[in-house]
Amino acid sequence: MPSNDARNLLHTAVPTAAVGAIVIAVSAGVAGGKGALGAAVGTVIAILFMGIGLYVLQWTAKTLPHLFQAMGLMLYVAQLLLLLIFVGLFQDTDAFNPKAFAVALVVSTVVWMAAQARAHMKAKIFYIDPDSSKTEKSEKSGSAS
């Protein structure tokens with residue numbers, strides 16, 4: 001994974017995990033051990049889904065740049081639908097508190113998206129290649145400097 005991709009993942013996963021830990025602590029206080037377990041499962045699922053989505057989006061940007069915008073829109077819609085399906089599947093579970101699970105899932109997803117937007121806005125990504133103008137000038141002039 002290139003350093004920019006790893007940095008982007010770090011800037012999104014760390015705030016999400018930190019907020020997830022807060023949600024787990026609050027859920028433990030409100031709903032006990034089952035609440036903490038539900039919040040932990042919700043946070044982990046959100047981080048996994050969003051992390052896989054980030055990987056797919058970065059792969060698409062590198063290999064199929066002409067599909068990047070459409071893929072991004074489709075990916076976010078698919079992620080949100082899958083997370084909604086997870087909430088529906090686990091709404092009647094006895095293994096953990098489903099309300100804590102749903103809250104953690106939604107909060108983690110919102111924090112991930114906000115952190116990803118912030119990381120993208122802070123990233124210094126060139127929209128032009130600064131070396132291409134030097135290459136074109138040296139080819140036109142015939143020199144290799």
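- Here the side chain of Thr12 pairs a donor or acceptor atom with the backbone of Leu9 at under 3.5 angstrom.
- Of all non-hydrogen atoms in Gly35 and Asn97, the two that sit nearest each other are CA-CB, 3.7 Å.
- Nearest heavy-atom pair, Pro98 versus Thr93, reported as atom, atom and distance to 0.1 Å: CD-O, 4.2 Å.
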> Given Val41 and Ile45, is the side-chain contact (heavy atoms from CB on, under 4.5 Å) satisfied, shown in steps?
Replying inline: CA-CA 6 Å; Val41 170; Ile45 287 176; 3.8 Å; yes
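- A continuous path of hydrophobic side-chain contacts links Met74 to Ile52 [ILVMFWY only; heavy atoms under 4.5 Å].
- Of the inter-residue distances, the one linking Leu105 atom CG with Ile47 atom CD1 reads 11.0 Å to the nearest 0.5 angstrom.
- Nearest heavy-atom pair across Ser108 and Thr16 is O-CG2, 3.5 Å.
- When all heavy atoms of Leu37 and Ala95 are compared, the closest pair comes out as CD2-O, 3.5 Å.
- Note: Phe101 and Phe90 have perpendicular aromatic rings, judged against thresholds of 30 and 60 degrees for the angle between ring planes.
- For Ala104 against Thr43, the heavy-atom pair with the smallest separation is CB-OG1, 3.8 Å.
- Within the 4.5 Å cutoff, the side chain of Phe49 has no heavy atoms near those of the Trp112 side chain.
- Although no hydrogens or angles enter the test, the distance criterion places a donor-acceptor pair under 3.5 Å between the side chain of Lys34 and the main chain of Asp94.
- Under a hydrophobic-cluster definition in which Ile, Leu, Val, Met, Phe, Trp and Tyr are linked whenever side-chain heavy atoms come within less than 4.5 Å, directly or via other members, Phe68 and Leu75 are assigned to the same cluster.
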> When you look at Leu80 and Met113, which way does the side-chain contact (heavy atoms from CB on, under 4.5 Å) test go after all the steps?
Replying inline: CA-CA 11 Å; Leu80 291 176; Met113 288 183 167; 4.2 Å; yes
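- Here the shortest heavy-atom pairing between Val87 and Ala102 reads CG1-CB, 4.2 Å.
- Taken together through direct or relayed side-chain contacts under 4.5 Å among Ile, Leu, Val, Met, Phe, Trp and Tyr, Phe96 and Phe86 form part of one hydrophobic cluster.
- Side-chain contact between Gln79 and Thr109: absent, with no pair of heavy atoms (C-beta onward) separated by less than 4.5 Å.
- If you take CE on Met50 and CD on Gln116, they are separated by 6.5 Å, rounding to the nearest 0.5 Å.
- Put simply, the residue from Val56, Thr60, Leu54 that forms a side-chain contact (heavy atoms from CB on, under 4.5 Å) with Gln58 is Leu54.
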